[in-house]
*Asks:* 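Pasting in a structure now, in C-alpha cells, and then I'll have a few things to ask.
Residue indices begin at 1 and follow the sequence shown.
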Amino acid sequence: MFLKALECESDVAPKAMINLGLLYNTRGNYLAQTGDMKGASTAAHSAAKYLDEGRALLSTLSSDGKLDSQLERYLQQYRPLRLQTHRLIGQLYAGEGDMSSCEAEFRRATESFPEESFAWQMLSKVLELQGKHAEASKAADTARSLMG
C-alpha cells in the first residue's frame with residue numbers, strides 16, 4: 001500500500017516514503033538478525049533511499065508553506081530513522097570486513113547530522129577498530145561535547 005501511495009498527491013507521497021523507510025529499516029534489522037546479510041543490505045539501502053526522498057519532498061512542502069502538523073511529525077521522524085539506517089548499513093559493512101565502507105557510512109552520518117553525538121560515537125568506534133587512534137579520539141571528544 002505504501003508503494004501505491006507513492007503515486008498519490010504531493011502530501012501523501014512523502015508520508016509513504018517515510019513509512020517505507022521505517023518498514024525497510026525494520027526488515028533490514030530482522031534479516032541481519034536471521035543471517036541474511038545480502039537481504040539486510042538491500043533493505044537498509046532501500047530504507048535510506050526512501051527516507052532521503054521523503055525528506056526532500058517534505059522540505060519542499062515546508063519551504064512552500066504547505067507543511068501541516070501531521071507532515072511536520074513525519075519530518076521529525078526522519079532524523080532518528082536515518083541515523084538508524086546509517087548504523088545498520090555501517091554494521092553490515094563491518095560484518096563483511098569492509099571497514100573502509102563502514103567508516104565512509106559513519107562519516108556520512110556525521111556530515112548529515114553533525115550535532116548528533118550518536119553519529120560521532122559510531123565514527124569513533126570504527127576509527128578505533130582500524131587503529132586510527134588520533135581521529136577516533138577527536139570523534140569521541142566531539143561526541144562527548146555534544147552530550148553536554
Side-chain angles (χ1 to χ4, degrees), residues 1-3 5-6 10-63 67 69-148:
M1 292 306 291
F2 292 134
L3 291 171
L6 295 177
S10 63
D11 67 332
V12 174
K15 294 181 214 175
M17 289 178 182
I18 298 297
N19 283 318
L20 282 164
L22 175 61
L23 176 73
Y24 280 110
N25 186 58
T26 301
R27 182 179 293 166
N29 279 297
Y30 172 77
L31 291 171
Q33 291 173 4
T34 62
D36 181 358
M37 298 308 166
K38 183 175 180 176
S41 179
T42 299
H45 284 92
S46 293
K49 173 184 163 280
Y50 283 119
L51 288 169
D52 290 342
E53 289 175 5
R55 181 180 185 271
L57 287 175
L58 288 167
S59 293
T60 299
L61 289 171
S62 178
S63 66
L67 200 63
S69 61
Q70 185 184 37
L71 289 173
E72 180 66 37
R73 283 193 306 271
Y74 277 90
L75 187 57
Q76 290 172 0
Q77 291 176 12
Y78 172 78
R79 178 183 304 268
L81 287 172
R82 191 61 177 96
L83 281 166
Q84 290 174 25
T85 61
H86 279 300
R87 179 189 50 80
L88 178 57
I89 292 169
Q91 287 176 330
L92 291 167
Y93 283 134
E96 295 173 353
D98 187 352
M99 299 308 280
S100 62
S101 292
C102 178
E103 177 184 339
E105 185 65 30
F106 292 160
R107 284 191 187 280
R108 277 190 290 279
T110 61
E111 291 163 5
S112 296
F113 306 105
E115 69 289 343
E116 289 289 338
S117 63
F118 180 66
W120 290 98
Q121 290 169 337
M122 292 186 302
L123 179 60
S124 174
K125 179 71 173 172
V126 73
L127 290 169
E128 189 67 38
L129 290 171
Q130 294 180 92
K132 299 178 180 180
H133 304 294
E135 283 184 273
S137 179
K138 286 181 185 178
D141 289 345
T142 301
R144 280 190 293 279
S145 70
L146 289 169
M147 288 190 284

*Asks:* Using every non-hydrogen atom in the two residues, find where L75 and S59 come nearest and quote the distance to one decimal.
*Replies:*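 That closest heavy-atom pairing would be CD1-OG, 4.5 Å.
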*Asks:* I need the I89 CD1 to H45 NE2 distance, nearest 0.5 Å.
*Replies:*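 With rounding to 0.5 Å, CD1 (I89) is 4.0 Å from NE2 (H45).
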*Asks:* Please round to the nearest 0.5 Å and tell me the distance separating atom CG of L51 and atom CG of L83.
*Replies:*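 So the CG of L51 and the CG of L83 are separated by 10.5 Å.
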*Asks:* Specify the closest pair of heavy atoms between M17 and G54, including all atoms of both residues, with the distance to one decimal.
*Replies:*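 Shortest heavy-atom contact: SD-N, 3.4 Å.
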*Asks:* Are the side chain of T142 and the backbone of K138 linked by a donor-acceptor contact shorter than 3.5 Å?
*Replies:*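 Yes, the answer is positive, given that a donor and an acceptor are paired below the 3.5 Å cut-off.
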*Asks:* Check Q121 against A143 and note the closest heavy-atom contact, atom names and distance.
*Replies:*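 Between these two residues, the closest heavy atoms are CG-CB, 3.7 Å.
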*Asks:* Between CG of D36 and OH of Y30, what distance do you get to the nearest 0.5 Å?
*Replies:*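 If we round to the nearest 0.5 Å, D36:CG and Y30:OH are 9.5 Å apart.
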*Asks:* Indicate the atoms forming the closest heavy-atom contact of G90 with C102, along with that distance.
*Replies:*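 Smallest interatomic distance, heavy atoms only, reads O-SG, 3.2 Å.
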*Asks:* Over all heavy atoms of both residues, which pair between L61 and P14 is shortest? Give the atoms and the distance, please.
*Replies:*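 Closest approach of L61 to P14, heavy atoms only: CD1-CG, 4.0 Å.
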*Asks:* Which pairs would a plain distance check flag for residues 111-118, meaning a side-chain donor or acceptor within less than 3.5 Å of a matching protein atom at least two apart in sequence or in another chain?
*Replies:*
{"residue": "S112", "atom": "OG", "partner": "R108", "partner atom": "O", "Å": "3.1"}
{"residue": "E115", "atom": "OE2", "partner": "R79", "partner atom": "NH1", "Å": "2.0"}
{"residue": "E115", "atom": "OE2", "partner": "R79", "partner atom": "NH2", "Å": "3.2"}

*Asks:* Are K15 and I18 packed together at the side-chain level, in the sense that at least one heavy-atom pair is separated by less than 4.5 angstrom?
*Replies:*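 No, their side chains stay 4.5 Å or more apart.
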*Asks:* State plainly whether the residues R55 and D52 are in salt-bridge range, i.e. N to O under 4.0 Å.
*Replies:*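 No, no charged N to carboxylate O under 4.0 Å.
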*Asks:* How long is the straight-line distance from CZ of F106 back to OG of S124, given to the nearest 0.5 Å?
*Replies:*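 One gets 11.0 Å once the value is rounded to the nearest 0.5 Å.
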*Asks:* Give a yes or no answer on whether the side chain of S46 reaches the backbone of T42 with a donor-acceptor pair at less than 3.5 Å.
*Replies:*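 Indeed, once roles are kept as given, a pair shorter than 3.5 Å links the two residues.
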*Asks:* Has the side chain of E105 got a donor or acceptor atom that lies under 3.5 Å from a matching backbone atom of S101?
*Replies:*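 Between the backbone of S101 and the side chain of E105 there is no qualifying donor-acceptor contact (under 3.5 Å).
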*Asks:* Between T26 and L22, is there a donor-acceptor pair closer than 3.5 Å when you use the side chain of the first and the backbone of the second?
*Replies:*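 Checking the backbone N and O of L22 against the side chain of T26, a donor-acceptor pair under 3.5 Å is found.
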*Asks:* Could you tell me whether the side chain of L123 reaches within less than 4.5 Å of the side chain of H86, counting heavy atoms only?
*Replies:*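 SC-SC contact between H86 and L123 ruled out.
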*Asks:* Are side-chain N/O atoms of R107 and T110 paired as donor and acceptor at under 3.5 Å?
*Replies:*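 No, no side-chain donor-acceptor pair sits under 3.5 Å.
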*Asks:* Hey, are the side chains of L20 and L23 touching, using non-hydrogen atoms and a 4.5 Å cut-off?
*Replies:*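 Yes. Closest side-chain heavy atoms under 4.5 Å.
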*Asks:* Taking salt bridge (charged side-chain N to carboxylate O under 4.0 Å, His left out) as the test, write out the residues that go with K132, two or more places apart.
*Replies:*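 Result, salt bridge (charged side-chain N to carboxylate O under 4.0 Å, His left out) vs K132: E103.
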*Asks:* Look up atom CG in L92 and atom NZ in K38, then write down how far apart they are to the nearest 0.5 Å.
*Replies:*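 Interatomic distance, L92 CG to K38 NZ, rounded to 0.5 Å: 13.5 Å.
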*Asks:* Has S62 got a side-chain atom pairing as donor or acceptor with L58's backbone, closer than 3.5 angstrom?
*Replies:*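 Here the side-chain-to-backbone pair does not exist.
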*Asks:* Out of curiosity, Y24 OH to L31 CG, how far, rounded to the nearest 0.5 Å?
*Replies:*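 Atom-to-atom, Y24:OH and L31:CG are 11.5 Å apart.
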